Protein chains: 2
Amino acid sequence: MSVNDVVYRKSRQRQKIYDLIKDMQNHPTAIWIYNSLKEEIPSLSLGTVYRNLNILLEQGLIHKVSFDGNCDRFDARIESHHHLICEKCGAVDDIFLPRVSDIYKDALKDKKFKITHHRMDFFGICEKCAKK
Amino acid sequence: MSVNDVVYRKSRQRQKIYDLIKDMQNHPTAIWIYNSLKEEIPSLSLGTVYRNLNILLEQGLIHKVSFDGNCDRFDARIESHHHLICEKCGAVDDIFLPRVSDIYKDALKDKKFKITHHRMDFFGICEKCAKK
DNA sequence: TTGATAACAGTAATGATTATTAAATATTTT
DNA sequence: AAAATATTTAATAATCATTACTGTTATCAA
Ligand SMILES: [Mn+2]
Ligand SMILES: [Mn+2]
Ligand SMILES: [Zn+2]
Ligand SMILES: [Zn+2]
């Protein structure tokens, strides 16, 4: 452990934030988390939500998913997976595509670029919105 | 043409902004475009850059590429392609992966989701940064 | 040439996120 | 257990990218 590493103590707020992200499949935003926990922890501050989200990110317990224009969303699923994003209602659904690793290899063939991770998002219309 | 559609007049500023994005392979940001054109058009305003970028987006002449945390970048390459993003220097390089369409089909099999487009970004270390 | 309106520059406002700070908690040491 | 030490919190201010507003100028069809 380097001198710069911080030892994080446990905190009720951080635990609740993590649990909420894990329980929800919504890929919630900071403000959504804040509003959801406000009732249970009335003293909660939005700054605390953001600070703890960054700690959870640092600890590798969650991932941040940034979408065009909108604010960041957070994901407690840390296994490699991808997203289906509805352009009408904004819903974000998970999808698992094992064959993506083949594309990795293709990418590495031509370019001398050391890939550490990737993101792949599909945009379109979800089943629900298509029915309307 | 619906009543809500706007007829865009030509403007020197917008043409210069578009040309710059097309000539550069950099995927430049709004502020970078602003600084680059300031010399040629001293009266140019950053708001004008943003407004015209949105018009060009609406016209489908450019694409916006949002990266985690940083500000938006713009791309005059509208053919489907993907990106290699260096996590050290922030450089954005283009890469063409024809086999991605196979993954599309896999995605469509399971879920009833009508995909209109997608994005795929690879993060890692570029050749230049790896040498240092 | 003129009337309508898009585009302009300048500036203010917005919205998401981060930084600051003093008080409240939690942990470690006496 | 009490004191000393370190971390977290809530509240608030600051920052940064982007958008909205306003009065003026440029474009273009009639
Ligand atoms: Mn997910
Ligand atoms: Mn590109
Ligand atoms: Zn939908
Ligand atoms: Zn690099």
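A, B, ... follow the sequence lines: proteins, then strands. Residue 1 opens every chain. From a predicted model like this one, the values you see are computed outputs, not experimental measurements.
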Student: So how far is it from N26(B) CG to S36(B) OG, rounded to the nearest 0.5 Å?
Tutor: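 So the CG of N26(B) and the OG of S36(B) are separated by 8.5 Å.
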
Student: For DNA chain C, which nucleotides open and close the run of contacts to chain A, 5' to 3', at under 4.0 angstrom from a non-hydrogen atom?
Tutor: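 Boundary nucleotides touching chain A, in 5' to 3' order, are dA16(C) to dT27(C).
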
Student: Mind checking what makes side-chain contact (heavy atoms from CB on, under 4.5 Å) contact with I31(A), not counting sequence neighbours?
Tutor: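 Scan of I31(A) (side-chain contact (heavy atoms from CB on, under 4.5 Å), adjacent residues dropped) gives T29(A), Y34(A), N35(A), L46(A).
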
Student: Assign S43(A) to base, sugar-phosphate, or nothing according to its heavy-atom contacts below 4.0 angstrom with the strands shown.
Tutor: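 Sugar-phosphate contact only.
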
Student: Pair V92(A), F67(A) - check side-chain contact (heavy atoms from CB on, under 4.5 Å), show working.
Tutor: CA-CA 10 Å; V92(A) 179; F67(A) 296 110; 4.0 Å; yes

Student: Compute the bend angle of the helix from dT1(C)-dA30(D) to dT30(C)-dA1(D) from the end axes (five pairs per end), rounded to 10°.
Tutor: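 Roughly 30°, once rounded to the nearest ten degrees.
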
Student: Under the salt bridge (charged side-chain N to carboxylate O under 4.0 Å, His left out) rule, collect the residues that match up with E40(B), sequence neighbours excluded.
Tutor: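 For E40(B), the residues satisfying salt bridge (charged side-chain N to carboxylate O under 4.0 Å, His left out) (neighbours in sequence not counted) are K16(B).
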
Student: Measuring from R14(B):CZ to L53(B):CG, what's the distance to the nearest 0.5 Å?
Tutor: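 One gets 10.5 Å once the value is rounded to the nearest 0.5 Å.
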
Student: Which heavy-atom pair separates V65(A) from D75(A) by the least distance, and what is that distance?
Tutor: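 Closest heavy-atom pair between V65(A) and D75(A): CG2-CB, 4.1 Å.
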
Student: How would nucleotides 14-30 of chain D be written as a contact map, 5' to 3', with B for base contact, S for sugar-phosphate-only contact and - for no contact, using protein heavy atoms under 4.0 Å?
Tutor: ---SBB------BBS--

Student: Of all the heavy-atom pairs spanning W32(A) and P28(A), show the shortest one and how long it is.
Tutor: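 Shortest heavy-atom separation between W32(A) and P28(A) comes out as CE3-CB, 3.3 Å.
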
Student: Which residues satisfy the salt bridge (charged side-chain N to carboxylate O under 4.0 Å, His left out) test with D121(A), sequence neighbours excluded?
Tutor: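 Expected list: R119(A).
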
Student: Determine whether the aromatic ring centres of residues H27(B) and H63(B) are separated by less than 6.0 angstrom.
Tutor: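 No.
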
Student: Distance alone, cut at 3.5 Å: any donor-acceptor contact between the side chains of N54(A) and E58(A)?
Tutor: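 No - no donor-acceptor pair under 3.5 Å links their side chains.
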
Student: Could you pick out which residue, P42(B) or Y8(B), lies toward the 5' side of DNA chain C when each is mapped onto its nearest nucleotide?
Tutor: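 It is Y8(B) whose nearest nucleotide is closer to the 5' end.
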
